[in-house]
Participant: 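The structure's right below; bear with me while I get my questions together.
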Protein chains: 2
Amino acid sequence: MKGERQDAVQGGAGGRPERRALDSEQIIRAAIGLLDAEGVDGLTMRRLGELLDTTAAAIYWHVRNKQELMRLASDAIWAELRLPDLEEVGWREASIAMAQEMHAMFQRHSWLVPAMPVDAPYGPGRTLRDDHLLAICSAAGFTASDAEHARETIVAFVVGSCVTATSRRSLVLGLQAVHDGLQTRIAARP
Amino acid sequence: MKGERQDAVQGGAGGRPERRALDSEQIIRAAIGLLDAEGVDGLTMRRLGELLDTTAAAIYWHVRNKQELMRLASDAIWAELRLPDLEEVGWREASIAMAQEMHAMFQRHSWLVPAMPVDAPYGPGRTLRDDHLLAICSAAGFTASDAEHARETIVAFVVGSCVTATSRRSLVLGLQAVHDGLQTRIAARP
DNA sequence: ACCTGAACACCGTTCAAGT
DNA sequence: ACCTGAACACCGTTCAAGT
């Protein structure tokens, strides 16, 4: 565990905000703030240090490097995504809901898509969402491997819609087309 | 016109390659070489200058800035895309062929997707391809606005497939699903 | 018209040294 | 254990000055 520190906030009845020692969660939150406010170029180790009332070098004690920080920040955002309950809605509704929430997430955090790593593995936040969408596709009646393809198709379409900045109407119609297409594949099964 | 220069290659029977004066086409080609070889971080005005046997500052006479250079390089790649002939194949075949060529293009030039501008308008190379794909969708029997949506859906899916690095099989199945979905929309028309 | 050299205002990262 | 200061090796871009 890394959470405890020996000399906590001294006193407690102190005056101003009492800038606590750094911890990685705090760094990640500040990084996200910078990214949301100023885009991917707005995040700079130096500026981040300044924002946290320290030096850029101090950050390196808590985080390996900037790339790692981006990974952590991205995963923290993915963790925001709600997971629709399959007991309550059908697979198609659940899938489209997740897709639309993903789209909204990317809109809110425009730095997320460009930051998607091609090589490195995803973090736990994203992995959990991916797994949930896979479960939704499985519930649709796909074979295991087709469910995988279906999930990839849906995510690809949403991500691409963000990169290409399609209109909201195109998103909705596109999602319909994608799900119609997936459904005909299920229907074609023996 | 910017093409002519008063003092061309002197002589012609000279010894080594006779490093000609810079021109923007040459700069773009060199930039693409750097990008292909080393990714988006491999392109540096300084390295590019070195590669062209000049200084970084020299490039700024021919190109406004790095962003502009990226735009020009991207558009040059888009211009590579073949345009399927609608006289020879059906719309679905043509559309899928274009989509697959786009995908291959993005695979060959992995820096292309991250470089896609959200704000700035596309160059003529890309615009021409977009228009052709729109024509293909129109030939499918969509209304004008639905053809637009269809095109956006197809491009979004292909771009997203590259960002998320889906498997080739997922690409093929996804394209099928997308086109099936689009087709059911056409079929639902009065 | 076209290019060079040097400068400016930045970067990410490391590392000795401090507490 | 955690942070600071200073340094290193870079960036993109500008601009006087050269030819």
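In this text the structure is predicted, and so the values were computed from the model without any measurement. Chain identifiers are assigned alphabetically (A, B, ...) following the order of the sequence lines, protein sequences preceding nucleic acid strands; residue numbering begins at 1 within each chain. Both backbone and side-chain heavy atoms feed into the values below; hydrogens, waters and symmetry mates do not.
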Participant: Taking B:R29 first and then B:E25, would you say they form a salt bridge - that is, a charged N and a carboxylate O separated by under 4.0 Å?
Facilitator: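 Salt bridge: yes.
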Participant: In whole Å, I'd like the distance from the CD atom of A:E38 to the C1' atom of C:dC10.
Facilitator: 15 Å
Participant: Between C:dC3 atom C1' and B:L52 atom CG, what is the distance in whole Å?
Facilitator: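 It works out to 13 Å between those atoms.
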Participant: Quick one: what's the B/S/- string for nucleotides 12-19 of chain C, heavy-atom cutoff under 4.0 Å, read 5' to 3'?
Facilitator: BBBB----
Participant: Taking only Watson-Crick and G-U wobble pairs with both distances under 3.5 Å, what dot-bracket line describes DNA chain C, where [ ] shows pairs that cross earlier ones and | shows pairs with another strand?
Facilitator: ||.|||||...|||||.||
Participant: For DNA chain D, which residues of residues 69-77 of chain A approach it to below 4.0 angstrom with any heavy atom?
Facilitator: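 None - not one residue of the stretch has a heavy atom sitting under 4.0 Å from the strand.
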Participant: Round to the nearest Å and state the distance from B:E50 atom CD to C:dT4 atom P.
Facilitator: 13 Å
Participant: Would you tell me whether B:H179 and B:S95 have side-chain atoms, one donor and one acceptor, within less than 3.5 Å of each other?
Facilitator: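 Yes, a side-chain donor-acceptor pair sits under 3.5 Å.
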Participant: Check the surroundings of atom CD in A:Q107: do more than 12 heavy atoms from other residues, nucleotides or ligands lie under 6.0 Å from it?
Facilitator: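 Yes, CD of A:Q107 has more than 12 neighbouring heavy atoms, counting only those of other groups under 6.0 Å.
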Participant: So, does B:H62 get its side chain near the phosphate of C:dA1, meaning an N or O under 4.0 Å from OP1 or OP2?
Facilitator: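 No, no such contact exists.
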Participant: Can you pull out every side chain to side chain donor-acceptor pair (under 3.5 Å) where at least one residue sits in residues 79-89 of chain A? Sequence neighbours excluded, please.
Facilitator: A:R82-A:E101
Participant: Please report, rounded to the nearest Å, how far the C1' atom of D:dC3 is from the CG atom of A:D23.
Facilitator: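 Going from CG in A:D23 over to C1' in D:dC3 covers 15 Å.
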Participant: Between B:R126 and B:D130, does any side-chain N to carboxylate O distance fall below 4.0 Å?
Facilitator: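 Counted as a salt bridge, because a side-chain N and a carboxylate O are separated by less than 4.0 Å.
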Participant: Using the side chain to side chain donor-acceptor pair (under 3.5 Å) criterion, which residues pair with B:E38? Sequence neighbours excluded.
Facilitator: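 B:E38: side chain to side chain donor-acceptor pair (under 3.5 Å) contacts with B:R47.
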Participant: Between B:D180 and B:R92, is there a salt bridge with N-O shorter than 4.0 Å?
Facilitator: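 Counted as a salt bridge, because a side-chain N and a carboxylate O are separated by less than 4.0 Å.
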Participant: Do the side-chain N and O atoms of A:T166 and B:E152 include a donor-acceptor pair separated by under 3.5 angstrom?
Facilitator: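 Looking only at side-chain atoms, B:E152 and A:T166 do not form any donor-acceptor pair under 3.5 Å.
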Participant: Going by an N to O cut-off under 4.0 Å, is there a salt bridge joining B:D146 and B:R185?
Facilitator: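 Yes, B:D146 and B:R185 are salt-bridged.
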Participant: Ignoring the backbone of A:W61, work out which of C:dC2, C:dC3, D:dA1 is nearest its side chain.
Facilitator: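 Of the candidates, D:dA1 comes closest.
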Participant: Could you grab the distance from atom OG of A:S170 to atom CZ of A:F157, nearest 0.5 Å is fine?
Facilitator: 7.5 Å
Participant: Under the side-chain contact (heavy atoms from CB on, under 4.5 Å) rule, collect the residues that match up with A:R64, sequence neighbours excluded.
Facilitator: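 Partners of A:R64 by the side-chain contact (heavy atoms from CB on, under 4.5 Å) criterion, ordered by chain and then number, come out as A:E68.
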